[in-house]
Amino acid sequence: MPYRQWTFAAILLAVSVPARADPKKLVTIRSGDIPIILSAPHGGREPIPNVPPRKGIGIAQFATVRDDNTSELTELIAKELESQLRGKPFVVIARFERRFVDVNRPEEAALESDEAKPYYRTYHQALSDFTKELQKKWQRGLLLDIHGQKEFPTSLVRGTNNGQTAELLLQRHGRAALTGSKSIFGAFAGAGYSVVPANDSDDKEDNRFIGGHIVRTYGSHQGNGIDAIQLEFGSEFRDKAKLAKTASVLAEAIEIFCREYLRDSIPASK
């Protein structure tokens with residue numbers, strides 16, 4: 001083939017074959033230096049190239065709604081924790097929309113095209129790697145999975161599969177570590193906010209928010225030593241004008257928890 005013809009053909013071929021997408025461009029992954037992992041699976045706003053929206057045919061608990069502003073909230077929480085604890089949490093945030101891939105479901109229920117698999121697996125590989133790193137460095141840690149809900153707009157809803165995903169925490173420190181005054185939910189309530197179930201009740205966790213695939217996969221009941229809690233923020237907490245305050249209050253609650261239950265694994269207080 002003459003040079004000019006070959007060049008033209010090569011150009012046509014390059015144009016006709018789309019470049020392979022990089023899943024890491026749509027998943028924020030940041031390593032940390034304190035035993036806290038922040039995960040935000042449902043706040044993404046970006047489409048995934050060459051992946052059509054899911055239809056959910058035959059899938060139980062199919063949902064595509066975005067947990068508005070949870071990605072932004074997670075970033076603010078990470079920033080607040082870095083300031084208050086003088087250490088960086090590990091962070092994993094899905095920037096792609098849930099209607100293309102739902103990383104809080106088992107893979108067979110999370111996606112409907114092969115092109116979507118790398119995005120799902122990139123998210124979970126990061127969580128798996130970070131969980132192992134926490135276990136290796138500190139022999140303990142906490143994964144907080146950040147979500148949003150509208151049913152309790154002024155409340156923070158707890159999801160641990162009724163304590164299962166925080167099994168090790170409960171074994172080591174008792175119920176107080178989950179609902180006492182120095183727990184995350186206790187400190188959050190102590191700042192004047194509502195939590196569901198109430199800390200002083202024996203009510204079971206709400207089945208709609210009891211804890212999804214992420215906390216069930218990486219919780220300490222799996223034998224990996226990392227406790228996992230799903231945090232469902234009411235819509236009032238996720239209003240754009242209130243995000244900074246929400247992040248500050250939650251970070252303070254996490255700090256109180258860490259000073260009491262992870263004090264050997266974080267920098268000393270200022």
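Residue indices begin at 1 and follow the sequence shown.
- Counting heavy atoms from C-beta outward, Phe185 and Thr179 have side chains that stay 4.5 Å or more apart.
- Looking only at distances, no side-chain donor or acceptor of Asp102 sits under 3.5 Å from a matching main-chain atom of Ala110.
- In terms of the salt bridge (charged side-chain N to carboxylate O under 4.0 Å, His left out) criterion, Arg172 has no residue partners (sequence neighbours excluded).
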Point to revise | Stepwise side chain to side chain contact (heavy atoms under 4.5 Å, CB included) test for Lys55 and Phe62 | key: CA-CA 9 Å; Lys55 297 179 180 179; Phe62 178 72; 5.8 Å; no
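- Qualifying salt bridge (charged side-chain N to carboxylate O under 4.0 Å, His left out) partners for Glu97, counting only residues two or more places apart in sequence or in other chains: Arg66, Arg99.
- The structure places CG of Leu243 at 9.0 Å from CZ of Arg238, a figure rounded to the nearest 0.5 Å.
- Looking at heavy atoms from C-beta onward, Arg216 lies in side-chain contact with Asn161 at the 4.5 angstrom threshold.
- Every residue two or more places apart in sequence or in another chain that forms a salt bridge (charged side-chain N to carboxylate O under 4.0 Å, His left out) with Asp114 is listed here: Lys117.
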Review point. Stepwise, does the side-chain hydrogen bond (donor to acceptor under 3.5 Å, both in side chains) test hold for Asp145 with Ser39?
Key: CA-CA 5 Å; Asp145 200 34; Ser39 163; 2.6 Å; yes
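- With sequence neighbours excluded, the residues satisfying side chain to side chain contact (heavy atoms under 4.5 Å, CB included) with Glu133 are Ser31, Phe90, Phe130, Lys137.
- Between Ser71 and Ile93, the shortest heavy-atom distance links the atoms OG-CG2, 3.5 Å.
- Shown here for Pro153 and Lys150, the closest heavy-atom pair between the two residues is CD-O, 3.4 Å.
- Residue pairs meeting the ring-ring contact (aromatic ring centres under 6.0 Å, His included) criterion with at least one member in residues 131-169, sequence neighbours excluded: His42-His147.
- Between the side chain of Asp67 and the backbone N or O of Gly148 there is at least one donor-acceptor pair closer than 3.5 Å.
- For residues 181-191, the set of pairs meeting the salt bridge (Lys or Arg N to Asp or Glu O under 4.0 Å) definition, not counting sequence neighbours, comprises Lys182-Glu260.
- In this structure the side chain of Tyr218 never reaches within 4.5 angstrom of the side chain of Ile226, judged on heavy atoms.
- Judged by distance alone, the side chain of Thr217 and the main-chain N or O of His213 form a donor-acceptor pair under 3.5 Å.
- Under the 3.5 Å distance criterion, the side-chain polar atoms of Thr64 are left unmatched by any main-chain donor or acceptor of Arg98.
- Although no hydrogens or angles enter the test, the distance criterion places a donor-acceptor pair under 3.5 Å between the side chain of Thr246 and the main chain of Lys242.
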**Study point:** Chi angles and distances behind the side chain to side chain contact (heavy atoms under 4.5 Å, CB included) call for Ile254, Leu81
**Key:** CA-CA 8 Å; Ile254 295 171; Leu81 285 177; 3.7 Å; yes
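- Taking the side chain as every heavy atom from C-beta outward, Leu143 and Leu134 never approach each other to under 4.5 Å.
- Under the ring-ring contact (aromatic ring centres under 6.0 Å, His included) criterion, Tyr119 pairs with no residue, sequence neighbours left out.
- Screening residues 120-131 for salt bridge (Lys or Arg N to Asp or Glu O under 4.0 Å), with sequence neighbours left out, gives Glu107-Arg121.
- The OG atom of Ser235 sits 11.0 Å away from atom CG of Asn69, with the distance rounded to the nearest 0.5 Å.
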Point to revise | Candidate pair Lys88 and Lys79, rule side chain to side chain contact (heavy atoms under 4.5 Å, CB included), full reasoning | key: CA-CA 8 Å; Lys88 296 179 181 180; Lys79 184 177 180 180; over 6 Å; no
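- Residues Ile229 and Phe188 share a single hydrophobic cluster, defined by chaining ILVMFWY side chains whose heavy atoms lie under 4.5 Å apart.
- Ion pair Arg263/Glu255 not flagged as a salt bridge, since none of the NZ, NE, NH1 or NH2 atoms sits closer than 4.0 Å to an Asp/Glu carboxylate oxygen.
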Check your understanding: Could you go step by step and tell me if Val195 and Val157 meet the side chain to side chain contact (heavy atoms under 4.5 Å, CB included) rule?
Key -> CA-CA 6 Å; Val195 298; Val157 181; over 6 Å; no
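- A donor-acceptor contact closer than 3.5 angstrom links the side chains of Ser220 and Asp227.
- Between the side chain of Thr74 and the backbone N or O of Thr70, at least one donor-acceptor pair lies under 3.5 Å.
- Listed here is the closest heavy atom pair of Ala116 and Val101: CB-CG2, 3.5 Å.
- The cluster map of Ile, Leu, Val, Met, Phe, Trp and Tyr, joined by side-chain heavy atoms under 4.5 Å apart, puts Leu142 and Ile256 in different clusters.
- Linking Ile, Leu, Val, Met, Phe, Trp and Tyr residues whenever their side-chain heavy atoms come within less than 4.5 Å places Leu156 and Leu76 in a single cluster.
- Proximity of a side-chain donor or acceptor of Gln149 to a complementary backbone N or O of Glu151 within less than 3.5 Å is detected.
- Scored by the ring-ring contact (aromatic ring centres under 6.0 Å, His included) test, Phe233 finds no partners at all (sequence neighbours excluded).
- Side chain of Tyr123 to main chain of Val92: a donor-acceptor pair is present (N/O by atom type, distance under 3.5 Å, no hydrogens or angles).
- In this structure, the separation between NE2 on His221 and CD on Gln171 is 12.5 Å, given to the nearest 0.5 Å.
- The side-chain heavy atoms of Arg140 and Leu262, taken from C-beta on, include a pair separated by under 4.5 Å.
- The side-chain heavy atoms of Ile34 and Pro267, taken from C-beta on, include a pair separated by under 4.5 Å.
- A side-chain donor-acceptor contact under 3.5 Å links Ser183 to the backbone of Leu178.
- The existence of a salt bridge linking Arg45 and Glu72 is confirmed by a sub-4.0 Å separation between a basic side-chain nitrogen and an acidic carboxylate oxygen.
- No donor-acceptor pair under 3.5 Å is formed between the side chain of Thr165 and the backbone N or O of Gly219.
- Heavy-atom contacts from other residues, nucleotides or ligands closer than 6.0 Å to CD of Gln61 number 12 or fewer.
- When each of Val103, Val27, Leu127 is checked for a side-chain contact (heavy atoms from CB on, under 4.5 Å) with Pro41, only Val103 meets the rule.
- Applying the salt bridge (Lys or Arg N to Asp or Glu O under 4.0 Å) test to residues at least two apart or on different chains, none of the pairs has a partner in residues 185-198.
- Contact of the Ile48 side chain with the Leu26 side chain is registered, since non-hydrogen atoms from C-beta on lie closer than 4.5 Å.
- Between Gln230 and Asn104 the shortest side-chain heavy-atom distance falls below 4.5 Å.
- Cluster membership check: Leu144 shares its hydrophobic cluster with Ile266, using side-chain heavy-atom separations under 4.5 Å among Ile, Leu, Val, Met, Phe, Trp and Tyr.
- The ring of Phe257 has its center closer than 6.0 angstrom to the ring center of Tyr261.
- Hydrophobic clustering (ILVMFWY, side-chain heavy atoms < 4.5 Å, transitive): Phe237 and Leu231 are in one cluster.
- Within the structure, salt bridge (Lys or Arg N to Asp or Glu O under 4.0 Å) pairs that include any residue of residues 205-215 comprise Arg158-Glu205, Asp206-Arg208 (at least two apart or interchain).
- With sequence neighbours excluded, no residue forms a salt bridge (charged side-chain N to carboxylate O under 4.0 Å, His left out) with Glu82.
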